[in-house]
2 protein chains.
Amino acid sequence: MGKVTIKDVARRANVSVTTVSNVLNNSGRTSPDTIRKVRQVIEEMEFSPSASARNLRDKKSHLIAVVVPFLEKGRLQDNPFYWHLVLGVEEGARNHRLHVILLGVDEEESFSFVQERHLDGLIVVGTYEQSPIFKKILSLDVPCVFMDSYLSDPNLYQIYLDDEVGGYLGTKHLISLGHRRIALLTGKILEGGVSHMRWLGYCRAMEEAGLPYDPDLIREEPVSTIGGYQAAQYITDARKQITAVFVFSDVGAMGLIKGLHELGVQVPRDVSVVGFDDLFYTDYMLPSLTTVKQDIAERGNIAVQLLLDQISEELRYDSRKVVLPVSLKVRQSTAPVSPHHDENRAD
Amino acid sequence: MGKVTIKDVARRANVSVTTVSNVLNNSGRTSPDTIRKVRQVIEEMEFSPSASARNLRDKKSHLIAVVVPFLEKGRLQDNPFYWHLVLGVEEGARNHRLHVILLGVDEEESFSFVQERHLDGLIVVGTYEQSPIFKKILSLDVPCVFMDSYLSDPNLYQIYLDDEVGGYLGTKHLISLGHRRIALLTGKILEGGVSHMRWLGYCRAMEEAGLPYDPDLIREEPVSTIGGYQAAQYITDARKQITAVFVFSDVGAMGLIKGLHELGVQVPRDVSVVGFDDLFYTDYMLPSLTTVKQDIAERGNIAVQLLLDQISEELRYDSRKVVLPVSLKVRQSTAPVSPHHDENRAD
DNA sequence: CTGAAAGCGCTTACAG
DNA sequence: CTGAAAGCGCTTACAG
């Protein structure tokens with residue numbers, strides 16, 4: 001039956017394609033009668049205008065991409081964090097009649113698709129200043145919103161959490177429970193990156209409490225589930241005298257708790273654990289996880305807003321950087337340091 | 001600086017646009033020398049051909065959409081299952097130079113975007129024969145692959161799990177551990193749907209073992225995390241004498257275990273629990289979850305394959321229905337029915 | 001208020 | 001082996 005085009009509509013409605021187009025775009029140059037007639041024909045013929053043709057004219061695709069760098073070769077990450085985020089983006093995009101392409105990229109990626117598809121914008125997750133991906137994206141000259149990237153260029157649009165405060169809150173909570181030997185599972189700490197900021201918050205809390213900083217307490221292992229799991233051995237090393245661990249992701253915290261459990265160490269009785277993200281399932285873990293909470297889906301929403309601001313060049317937010325608040329969600333994986341602890345570790 | 005077009009390339013290379021196009025598409029009608037020259041200019045000018053223009057000509061967009069119906073109003077589901085699935089699709093699509101649009105739809109959705117964007121195909125998750133969404137999609141006349149939908153029309157391309165066997169394996173495992181009162185948390189059971197198939201497997205296992213079917217054991221609550229959590233009360237009702245529960249999703253199983261825990265019921269000592277999906281974190285739960293395993297990401301991959309088969313009209317698979325195997329992953333959430341159980345429940 | 005025409009950037013018969 | 005030209009389905013000055 002072939003696709004119905006604007007020409008078909010024009011013929012059937014006895015008007016020119018110009019007029020149909022004007023009706024389509026509510027240009028206001030058309031008489032009410034004509035509008036009615038054309039609309040009816042459009043309805044009858046189930047006409048929907050070709051996006052390709054429009055894009056070709058307007059150099060706009062109404063298409064944005066969420067770009068997520070791979071960790072593992074060729075496969076995106078398990079962490080449900082990304083799913084929540086993408087859901088937020090999808091929701092935000094839908095409200096603005098935009099479609100979202102999901103894209104995993106590695107360092108080989110040429111990003112030619114951005115030009116090819118005339119993408120309206122990019123939402124880039126988890127890159128950093130030294131990343132080759134970051135450099136390529138910059139040279140693209142396309143509207144971008146960077147998430148969790150702490151880029152120094154003030155002209156870039158960015159959205160991130162108040163990571164320093166997150167690091168501070170989690171640490172402070174543990175300190176208030178009497179913990180003094182607080183380990184950190186950070187993931188790779190890059191100058192000015194997310195982990196770095198959280199680490200700074202940790203340092204501030206420790207210093208405020210007059211607690212010494214011990215590099216032995218900091219583990220830069222990946223904060224994946226398996227990474228947390230594997231860290232359990234280190235954490236329980238008696239010489240470290242660790243009574244609490246702050247893991248910079250919920251999936252990592254889950255792995256750690258599992259690992260500790262298998263080593264016969266109970267959470268929170270023997271070791272307290274704090275996570276980061278507040279994934280949907282943390283409330284259902286055993287024990288439920290004390291964690292630093294963020295509204296991940298909301299971030300996705302705001303990312304779309306910020307992208308549109310940039311495209312339309314009218315700032316809805318005060319600045320090009322949007323910092324979202326975090327809060328501490330206290331659950332059952334943290335407890336006061338137990339008096340018998342030191343004895344246990346003594347032998 | 002303005003986008004470089006094929007015209008610019010032609011001019012700079014001293015050839016016609018036809019020739020550039022021929023080089024671009026490896027038509028074989030061009031002399032090696034010309035090819036070399038044109039390729040160099042393309043490189044120099046960083047030319048990448050406009051997808052819009054191509055799409056307009058070819059009526060192909062190299063764009064597919066993953067369509068996921070909302071559960072909650074306006075927001076997609078938390079279940080990481082979808083994330084795994086979408087990752088699989090993204091991976092499959094990438095290998096075939098396709099891009100993936102992610103789209104949440106409700107029953108109001110007009111699906112006009114399919115025509116507007118000349119989508120090459122759709123991967124539709126979790127619909128069913130009576131669904132208005134299903135009907136709309138059919139009338140679209142676009143290549144589709146349906147997942148988990150059990151549609152009777154033999155002309156449709158479908159991919160699903162061996163759900164009946166999944167239901168059978170999980171139930172049989174519990175029976176082999178001595179359980180006789182095995183409850184089911186199914187989610188809504190629709191004639192011929194996923195839950196229905198799994199339920200059939202349950203019935204087969206029960207019957208084989210000579211165990212009576214008791215409708216009181218079947219709960220059609222949603223198998224979301226919270227759904228599982230809320231079912232705990234019912235499960236522990238002493239009169240039901242339930243010693244094992246088979247939950248048709250891992251997230252639901254997690255919720256249930258949490259709910260049971262809060263009621264003082266221990267898993268697997270008091271009640272055994274089997275899940276379904278084998279999400280990445282089930283190995284890290286406490287207790288780790290016995291569950292019916294499927295390769296979710298692989299499904300996404302195959303969905304893309306199947307879609308391409310349909311587009312190119314060459315069957316790579318024997319049939320239009322691909323059924324993927326499931327297996328039982330035994331972990332720590334199931335145990336032999338305990339002898340003290342009946343006594344406990346007696347009071 | 002309406003329409004004829006140019007043009008967006010490609011590809012593909014067609015001619016040479 | 002190469003090129004001039006038509007056409008994909010729109011939108012937008014421009015003219016009336």
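Atom set for the values below is all heavy atoms of this structure, side chains included, hydrogens, waters and symmetry mates excluded. So that the names make sense, note that chain A is the first sequence line, chain B the second, and so on, each numbered from 1.
Regarding contacts with the backbone of D:dG9, every side-chain N or O of A:T5 stays at 4.0 angstrom or more from both OP1 and OP2. Between B:T34 and D:dT2 there is a side-chain polar atom (N or O) within less than 4.0 angstrom of OP1 or OP2. Residue A:K59 has a polar side-chain atom (N or O) positioned under 4.0 Å from OP1 or OP2 of C:dG9. A:S50 has no side-chain polar atom (N or O) that falls below the 4.0 Å cut-off from OP1 or OP2 of D:dG9. Close to D:dT11, at under 4.0 Å from its OP1 or OP2, lies a side-chain N or O of A:R54. Using a 4.0 Å cut-off, no side-chain N or O of A:N22 falls inside it from OP1 or OP2 of C:dC1. Side-chain nitrogen and oxygen atoms of A:S21 include none within less than 4.0 Å of the OP1 or OP2 phosphate oxygen of D:dC10.
Ring geometry for A:Y82 versus B:W83: interplanar angle under 30°, hence parallel rather than tilted (30 to 60°).
Salt bridge annotation for B:E43-B:R39: absent, with no cationic side-chain nitrogen under 4.0 angstrom from a carboxylate oxygen. One finds no salt bridge joining B:K136 and B:E107 here, because no Lys/Arg side-chain nitrogen approaches an Asp/Glu carboxylate oxygen to under 4.0 Å. Comment: A:D148 engages A:R299 in a salt bridge, judged by a side-chain N to carboxylate O separation of less than 4.0 angstrom.
Partner A:M147 forms a side chain to side chain contact (heavy atoms under 4.5 Å, CB included) with one of A:V67, A:I123, A:V68 and no other, that one being A:I123. The residue from B:L103, B:L140, B:L119 that alone fulfils the side chain to side chain contact (heavy atoms under 4.5 Å, CB included) condition with B:F111 is B:L140.
Distance check, rounded to the nearest 0.5 Å: CG of B:D295 to CG of B:N301 gives 8.5 Å.
When the P atom of D:dC8 is taken as reference, atom CZ of B:R117 falls 22 Å away, rounded to whole Å. In this structure, B:D58 places its CG atom 17 Å from P of C:dG9, rounding to the nearest Å. A:N26 has its CG atom 16 Å from the C1' atom of D:dT12, to the nearest Å. Nucleotide C:dT12 holds its C1' atom 14 Å from the CG atom of B:L24, rounded to whole Å. Going from atom CZ of B:F47 over to atom C1' of C:dT11 covers 12 Å, rounded to whole Å. Between the CZ atom of A:R29 and the P atom of C:dG3 there is a distance of 13 Å, rounded to whole Å. In this structure, NZ of A:K7 is placed 9 Å from C1' of D:dC8, rounded to the nearest angstrom. Whole-Å rounding puts the B:M45 CE to C:dG9 C1' distance at 14 Å.
Comparing A:A53 and B:T19 by the nucleotide of DNA chain D that holds the closest heavy atom to each, the one mapping nearer the 5' end is B:T19. Between A:L56 and A:T30, the one whose closest nucleotide on DNA chain C sits nearer the 5' end is A:T30. Sequence order on DNA chain D of the closest nucleotides to B:H118 and B:V17 puts B:V17 first from the 5' end.
Side chain of B:D8 to main chain of B:T5: a donor-acceptor pair is present (N/O by atom type, distance under 3.5 Å, no hydrogens or angles).
Every stem involving DNA chain C, taken as at least 3 paired positions in a row under the Watson-Crick or G-U wobble test at 3.5 Å, is listed here: C:1-3 with D:14-16, C:5-12 with D:5-12, C:14-16 with D:1-3.
Base engagement by A:T18 is indicated by at least one non-hydrogen atom pair under 4.0 Å involving a base atom. B:N55 comes within contact range of no nucleotide atom at all, as no heavy-atom separation falls under 4.0 Å.
Of the listed nucleotides (C:dC8, D:dG3, C:dG3), C:dC8 has the atom at the smallest distance from the side chain of A:R57.
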